[in-house]
Each structure stands twice: as structure tokens, then as C-alpha cells.
Amino acid sequence: MDLIIKGSYFIAAVLFIIGLKQMSSPATARRGIIWAGVGMVLATLVTFVHPEVKHNTGWILLAMAISGGIAWWSGKKVAMTDMPQMIAIYNGMGGGSAAAIAAVVLVKYEAMPLTIQIMAVLGALIGTIDFSGSAVAYAKLQGLIKKNFYINNQQMINLGLFVATVALGCWIALSGTQYSGFALFLFFLLAFVFGILMTLPIGGADMPVVISLFNALTGLAVGLEGYVLGNPAMMIAGIVVGAAGTLLTQLMAKAMNRPISNVLFKKFGVSGETTDDDIEGSLKAIEASDVAAMMGFADKVIIVPGYGMAVAQAQHKIWELAKLLRERDVDVKFAIHPVAGRMPGHMNVLLAEAGVPYDIIYDLDEINEEFATANVALVIGANDVVNPVARSNPDSPIYGMPILNADKAENVIVIKRGKGAGFSGIENHLFYQDNTRMLYGDAQEMGSQLISAIKEF
Ligand code: NAP
């Protein structure tokens with residue numbers, strides 16, 4: 001029996017790793033999810049033959065049926081734009097589960113090796129912060145909490161709370177079985193409150209970075225509790241999630257050129273004063289029929305999708321438009337900025353959903369040189385990721401963020417509804433350039449108008 005359990009955990013761990021590897025490319029990501037899912041089902045099923053899991057089987061099955069049912073239903077109906085909050089809540093559940101395991105272990109007051117006790121307390125700390133912090137992240141992204149709460153000396157209060165929580169945790173970890181139930185309760189409560197206070201001031205649009213960080217923390221907490229339980233599948237799954245989450249957090253912070261400390265502890269974007277005095281030129285509107293003519297007779301068109309395309313759900317129309325252009329022998333490419341939209345891979349997923357082939361979707365590094373040879377850069381609901389000020393103005397909040405060189409194209413067409421700023425809240429110099437024209441309107445509506453106009457040729 002032991003061999004079956006250990007063998008199954010080993011196979012599950014291998015499946016997790018294969019799954020994660022496949023998730024790194026859009027072409028294989030769907031398969032990767034299935035591989036990892038099979039691993040998870042195997043690890044879950046084999047737990048039932050574990051000699052220690054012989055009580056409460058009915059309760060466990062009931063809990064699995066209810067939570068599995070909710071997950072199935074919510075996973076089916078969630079919109080792509082709501083994916084970040086879905087991930088936030090699942091992260092939180094993972095962290096909460098790890099904390100619950102730690103609570104069960106610690107509340108037994110049984111003597112255990114020092115390393116195990118330290119791991120249990122550390123997992124409890126991280127898991128609880130992750131649980132309450134993710135719940136706040138979910139509430140913010142879902143619009144349940146609309147304000148960013150700042151209190152005076154917030155950072156000092158947070159620091160004090162964190163130090164107190166860690167100190168109490170250290171005492172619990174090092175005191176053998178001497179800790180009281182009250183100390184344990186207080187420890188979990190402090191960690192819970194810290195998670196809330198840490199996340200409350202962070203702006204909604206920064207949440208994806210925070211969620212990714214919480215994702216890494218979930219992995220760490222699960223890995224630590226896996227060690228406590230002596231469960232290798234949990235350890236490996238936790239380590240894999242922790243490593244992937246850490247890399248993703250770093251990638252996002254790098255793509256926004258903001259250290260993670262800046263995301264966690266600073267307000268982002270302009271507040272009151274703007275830095276737009278040096279803007280030259282004016283905004284010049286254009287009609288869809290003129291844009292259609294410009295693109296229909298072009299050799300190369302590069303499409304830059306952004307957050308506005310996601311909000312408008314315009315990806316299907318844009319792909320239909322791209323297909324019409326390709327039929328006219330126009331070379332159409334999609335340029336994806338690593339943080340276009342509101343979560344990593346946001347644009348890739350939407351374009352994949354619309355059926356855009358992967359071989360015409362390019363990352364920033366692959367396509368940036370090509371803008372100079374494009375007749376048209378069609379910017380759809382993107383703003384910050386094409387703002388040249390990131391290259392030129394050291395005072396700008398997005399200075400240093402790598403951007404797509406749309407401004408280098410012969411003509412730039414920008415689809416957006418009006419003068420709305422992007423996530424950073426600053427003006428975009430690209431919109432005022434001589435070679436830029438603004439096609440004002442909802443991205444989906446403008447997509448339809450461009451399609452009709454091209455069909456009329
Ligand atoms: P953005 O800078 O937020 O700009 C989006 C633009 O879309 C707005 O200027 C808005 O202008 C327009 N828009 C909104 N709804 C629209 C609609 N229905 N139809 C047409 N246009 C619409 O977007 P982005 O260029 O994709 O940049 C992403 C930003 O998010 C970056 O600053 C990035 O750092 C940040 N961020 C991204 C991530 C990530 O992981 N992807 C994570 C955290 C932060 P109008 O209101 O005038 O229409």
C-alpha cells in the first residue's frame with residue numbers, strides 16, 4: 001500500500017511539472033492544464049487509501065462534492081475579464097487550506113521535531129496572510145471594495161503588526177508544547193489582520209502583481225505544510241507553484257519597470273498634478289472608412305491590443321478584420337506587451353479564444369524593430385504600453401517601462417472612446433504625434449465599422 005501511495009504521489013508530481021512546462025506556451029497550455037489536473041485528481045484519490053485517512057470519509061466526500069461543484073460552475077461562467085479575481089479567490093483558498101492544516105497540527109499540542117514545528121508555524125503565517133489578503137484582492141477586483149484605504153502611518157502600523165505576529169510565531173515555534181490556545185488564536189488573528197491591512201491600500205489595477213505574489217506565497221505555504229505532513233506531492237506542488245509565482249511576479253514588476261516594493265508600498269500614477277505641459281500637437285480624429293482604406297492598401301499592419309480591447313470584448317471582431325486584411329495580402333501581425341491588459345497573458349488568451357494563430361502573435365522583443373517597417377500600427381484600447389514618454393521623461397511614473405514602438409510606424413491609428421487615460425493616469429504623447437489619428441469609439445463597434453468598410457472595397 002505504501003508503495004502505491006508513494007508511487008502515485010511521484011507520478012502526480014511528475015504530471016504537475018509536465019503540466020507547468022506545457023503551460024509556458026499558448027499552443028500547449030490547454031494540454032498542460034489537463035496534465036496537471038490529472039495529477040491533482042490522482043493525488044486526491046490516492047489520499048483515500050492512506051491509512052491515516054479512514055475517518056470522516058463521508059464528510060470529506062461531501063466537502064469535495066460541494067467545493068468541486070462550485071468550482072466547476074464558477075469556472076464555466078467566469079468572463080475572461082474577471083479571471084484575476086477568480087485566481088485571487090483560488091489562491092486564498094490554497095493559503096487558507098495550508099493555514100488550516102497548520103492549525104490542526106498545532107492545536108494537538110503534541111511534541112514534534114523543532115524543524116517541523118517551525119515549518120508548521122511559518123506555513124500558518126504565510127497561509128493566513130495569503131488567505132485574508134487574497135480575499136481583499138478579490139473584493140477589490142470584483143468591485144465589492146471600491147476605495148483604497150489609507151490610514152496615517154499605515155506602513156508603520158503594518159510593520160508593527162508584522163513584527164508582533166512574527167515574534168509570537170517564533171515563540172510558538174520554539175516553545176515546544178508550552179504555547180496556549182489563546183496564543184495560537186492571537187497568532188492567527190494577527191496574521192489575518194495583517195493580510196487585510198497590507199492589501200487594502202493597494203490600487204485595483206496593481207492587484208494582478210499582488211495576486212501573483214500571493215500565488216507564490218500559497219505555493220510556499222502548501223510546500224511547508226507538505227513537509228509537516230511528510231507528503232511529497234504537496235511539497236513538490238507547493239514548490240512548483242511558489243517558484244512559478246515568484247518568477248511571474250518578477251516578470252510583471254520588470255515589465256512595468258517597478259520594483260515589487262513600489263507596488264506594495266507606494267501609490268502609483270499621477271495624483272493631482274500632471275506632467276503634460278510639454279505635449280506638442282493636437283488630437284486628430286479620423287473616420288473608420290479612411291482607416292479601412294489606409295489598412296486595406298497597406299503592406300504591413302501591426303495590431304497592438306490593450307486593456308480597452310479586453311473590456312470591449314473586441315477580439316473576435318479584430319480577428320475578423322485581420323482575416324479580411326490577410327485576404328488582401330496585407331501582412332498582419334499582433335504585438336503583445338507583457339503587461340498589456342490587467343494580468344499577464346491577458347491579450348494572448350483573448351486572441352487565442354478568438355482563433356488568432358499563434359504564429360502571427362509576437363512578444364515585445366520579437367516585434368519592436370518591425371514597427372519602423374509597418375505602414376500602420378493599429379492600437380486598440382492600449383495606452384500606457386505604447387506611451388513614448390516611458391523612453392523620454394525620467395519624471396514620468398512609467399519611465400523605463402519597456403514599450404511597444406508603435407510611434408515608429410508610418411501611420412498610427414488609435415481606437416479608444418475618448419480622452420480616458422490609461423492605468424498610470426498620464427497623457428500619451430503618441431496620440432498627439434503628426435502621424436497619429438484617433439478613431440474614437442468602443443473597440444468592438446469600431447471593429448465592426450472597419451469590417452464593413454473593408455468589405456465594401
Ligand atoms: P491602459 O493603459 O490601461 O489603457 C487602456 C485604454 O483603453 C484607456 O486609455 C481607455 O481609453 C481605453 N478603453 C477603455 N475601454 C475601452 C473600450 N470599450 N473601447 C476602446 N477603448 C477603451 O491599457 P494598456 O495599454 O493595456 O496598459 C496596461 C496597464 O496596466 C499598464 O500600465 C500596466 O503596467 C498595467 N498593469 C498591467 C498588468 C498586467 O499583468 N497586464 C498588471 C498590473 C498593471 P478611453 O477611456 O478613452 O476609451
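Note that ligands are numbered from 1 as they come in the structure, with each ligand's atoms numbered from 1 the same way.
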message: L190 vs L168, test: side-chain contact (heavy atoms from CB on, under 4.5 Å). Steps then yes/no.
response: CA-CA 9 Å; L190 289 179; L168 187 55; 4.2 Å; yes
Below 4.0 angstrom from a heavy atom of [X], which ligand 1 atoms are there? Numbered from 1 as shown, please.
X	answer
G418	47 (O), 48 (O)
G422	1 (P), 2 (O), 3 (O), 4 (O), 9 (O)
A382	25 (O)
V385	25 (O), 27 (O)
D442	17 (C), 18 (N), 19 (N)
A312	18 (N)
A443	19 (N), 20 (C)

Applying a heavy-atom cut-off of 4.0 Å, say which part of [X] lies close to ligand 1: side chain, backbone, both or neither.
X	result
A421	backbone
K419	backbone
M256	side chain

message: Taking the basic N atoms (NZ, or NE/NH1/NH2) and the acidic carboxylate oxygens, is any pair closer than 4.0 Å for K317 and E445?
response: no
- request: Taking the side chain as every heavy atom from C-beta outward, state whether V78 and M83 have any atom pair closer than 4.5 Å.
  value: yes
query: Does an N or O anywhere in N383 fall below 3.5 Å from an N or O of ligand 1?
result: yes
- prompt: Has ligand 1 got any nitrogen or oxygen that is less than 3.5 angstrom from a nitrogen or oxygen of V209?
  reply: no
- prompt: At the 4.0 Å heavy-atom cut-off, does M252 count as touching ligand 1?
  reply: yes
field: Sequence neighbours excluded - salt bridge (Lys or Arg N to Asp or Glu O under 4.0 Å) pairs with any residue from residues 401-424
entry: R391-D407
- prompt: Taking T165 as the fixed residue, which of I129, V193, L189, L125 is the one that meets the side chain to side chain contact (heavy atoms under 4.5 Å, CB included) rule?
  reply: L125
- line: Only one of I318, V356, I303 passes side chain to side chain contact (heavy atoms under 4.5 Å, CB included) with L351, and that residue is V356
field: Heavy-atom nearest neighbour of atom 5 (C) of ligand 1 within options G381, G420, A310, A340
entry: G381
- request: Please work out which of G341, G447, G306 has its closest non-hydrogen atom nearest to atom 28 (C) of ligand 1.
  value: G341
query: salt bridge (Lys or Arg N to Asp or Glu O under 4.0 Å) with K455: which residues, sequence neighbours excluded?
result: E320
[X] (side chain) donor-acceptor with [Y] (main chain) under 3.5 angstrom:
X	Y	result
N428	A421	no
S212	T249	yes
S448	Q444	yes

